[in-house]
Amino acid sequence: MASEIQDTAKLCIHSITTKPWEIETAAPRYAEAGVKGITVWRNALEGRNVEKTGQMIRSQGLEIISLCRGGFFPNREKQKRKEAIEENKKIIEEAAALGTPMVVLVCGADPKQSLEVSRKQIQEGIVETLDHAGKHNVKLAIEPLHPMYADTRSAINTLKQANDMAERIQSPHVGVAVDVYHLWWDEALKEEITRCGSNDNLFAFHVCDWKVPTNDFLLDRGLMGEGCIDIPQIREWVGNTGFNGMSEVEIFSSNYWAMDQDEYLDKIVKAYLEYV
Ligand code: ZN
């Protein structure tokens, strides 16, 4: 393990990881623990002035890596697709107000139509929001999700599909987010990481672990080192592309949400130092 020379300079945590904490608690606690970045989930901003919340977070010394999440473009009904595009424009504005350069896209899928049609609608949706993204200087990161989520959450399930789409759209504002939880199983992963790195399309790197057994496919993600993903190997592939961004800890876990969040944060930092 290459942990000796590592510190927390590249450690980012997604606000959803410590869901029981309000953002006003999470930001100072992360900073005290040596965390340097935060990705803010939209639920953490509800009922708040977004700009002021961004200032509060930065005043703790945290960099806001991205806003999670936009997307959900596909729908069989044209009107719904239009509404999704408008919603994504609002999310881009929210990111700009928060002071983050990136929105992560969970692209969506409509089970009433084929994945191929959903992918086409995702691409159309992204293209429709591009002007807005450019105007607000916000990047969009296409995050492929594990195929178990292909029914409703995303028709983009491999890094190859995400790379193909980003390359077809070909905009400095569109790239991909690599999340080890969704992609670890893919035999083409190394090759596709190299590919998006060489096209300047590697925008973000998310980590957690795949528990064996996994008891709930949404809310039972593991801490790094707790499951079967070779995170140091994937981290190395990502690093070899020249990626200089943060490693973002993104864990949904009803078990961890039920425990003392200060103790949990200690565990996150330890797991990061050992396995990322
Ligand atoms: Zn992710």
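Both backbone and side-chain heavy atoms feed into the values below; hydrogens, waters and symmetry mates do not.
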Practice problem: Please confirm whether the backbone N or O of Trp41 pairs with a side-chain atom of Ser15, one donor and one acceptor, at under 3.5 Å? | Solution: yes

Quiz prompt | Shortest non-hydrogen contact between Arg235 and Ser247, atoms and distance | solution = NE-OG, 3.2 Å

Quiz item: Under 3.5 Å, is there a donor-acceptor pair between the side chain of Lys36 and the main chain of Glu63?
Solution: no

Quiz prompt | Spatial distance of atom CG (Asp110) from atom CD (Gln121) [nearest 0.5 Å] | solution = 7.5 Å

Exercise. May I ask you to test the Thr129-Ile85 pair for a side-chain heavy-atom distance under 4.5 Å?
Key: yes

Quiz item: Using 4.0 Å as the upper bound for N to carboxylate O, is an ion pair formed by Glu24 and Arg48?
Solution: yes

Practice problem: Indicate if Leu219 and Met224 have the same hydrophobic cluster label, given that clusters are the connected sets of ILVMFWY residues with side-chain heavy-atom separations under 4.5 angstrom. | Solution: yes

Exercise. For Asn88 and Gly125, indicate whether the former's side chain and the latter's backbone hold a donor-acceptor pair under 3.5 Å.
Key: no

Practice problem: Output all residues satisfying side-chain contact (heavy atoms from CB on, under 4.5 Å) with Arg42, sequence neighbours left out; order by chain, then residue number. | Solution: Leu67, Glu87, Ile91, Glu94

Practice problem: Could you walk me through whether Val176 and Asn163 pass side-chain contact (heavy atoms from CB on, under 4.5 Å), step by step? | Solution: CA-CA 7 Å; Val176 305; Asn163 279 335; 3.9 Å; yes

Self-check item: Heavy-atom closest pair, residues Gln261 and Thr18
Solution: OE1-CA, 3.3 Å

Quiz item: Under 3.5 Å, is there a donor-acceptor pair between the side chain of Glu192 and the main chain of Ala188?
Solution: no

Quiz item: Angle class for the Trp257/Phe252 ring planes (parallel below 30°, perpendicular above 60°, tilted otherwise)?
Solution: perpendicular

Practice problem: Indicate if Leu115 and Phe73 have the same hydrophobic cluster label, given that clusters are the connected sets of ILVMFWY residues with side-chain heavy-atom separations under 4.5 angstrom. | Solution: no

Quiz item: Does one hydrophobic cluster hold both Ile38 and Ile268, with members joined at side-chain heavy-atom distances below 4.5 Å?
Solution: yes

Practice problem: Group every Ile, Leu, Val, Met, Phe, Trp and Tyr by side-chain heavy-atom contacts under 4.5 Å, then state whether Trp237 and Trp210 land in the same group. | Solution: yes

Quiz item: Looking only at atom types and distance, does a side-chain atom of Ser118 sit under 3.5 Å from a main-chain N or O of Ala155, one as donor and one as acceptor?
Solution: no

Quiz item: Run the side-chain contact (heavy atoms from CB on, under 4.5 Å) check on Arg29 and Glu32 step by step: do they pass?
Solution: CA-CA 5 Å; Arg29 297 288 169 88; Glu32 281 161 27; 4.1 Å; yes

Self-check item: Those residues that, when tested against Glu226, pass side-chain hydrogen bond (donor to acceptor under 3.5 Å, both in side chains) (two or more places apart)
Solution: Tyr256

Quiz item: Using 4.0 Å as the upper bound for N to carboxylate O, is an ion pair formed by Lys89 and Glu86?
Solution: yes

Quiz item: Given the side-chain rings of His146 and Phe217, with only the six-membered ring counted for Trp, is the space between their centroids under 6.0 Å?
Solution: no

Quiz item: Any donor-acceptor pair under 3.5 Å linking the side chain of Asp209 with the backbone of Gly222?
Solution: no

Quiz item: Can any side-chain N or O of Thr17 pair as donor or acceptor with the backbone N or O of Ile251 at less than 3.5 Å?
Solution: yes

Practice problem: Output yes when a side-chain donor or acceptor of Asp220 lies under 3.5 Å from a complementary backbone atom of Ser253, and no otherwise. | Solution: no

Quiz item: Quick one: does Lys135's side chain get under 4.5 Å of Ile92's, heavy atoms only?
Solution: no

Quiz item: Looking at side-chain heavy atoms only, is the closest gap between Asn244 and Lys10 below 4.5 Å?
Solution: yes

Quiz item: Thr53 side chain to Asn49 main-chain N or O, any donor-acceptor pair under 3.5 Å?
Solution: yes

Exercise. Hydrophobic side-chain clustering at under 4.5 Å (ILVMFWY, transitive links): who's grouped with Phe203? Put none if nobody.
Key: Ile65, Met102, Met246

Quiz item: Would Trp21 and Leu265 satisfy side-chain contact (heavy atoms from CB on, under 4.5 Å), going step by step from the backbone distance to the final call?
Solution: CA-CA 11 Å; Trp21 275 346; Leu265 181 57; 4.0 Å; yes

Quiz item: Per the side-chain hydrogen bond (donor to acceptor under 3.5 Å, both in side chains) rule, which among Glu248, His206, Glu250 passes with Thr39?
Solution: Glu248

Exercise. State whether Arg195 and Asp164 are salt-bridged, where the test is any N-O pair (Lys NZ or Arg NE/NH1/NH2 against Asp/Glu carboxylate O) under 4.0 Å.
Key: yes

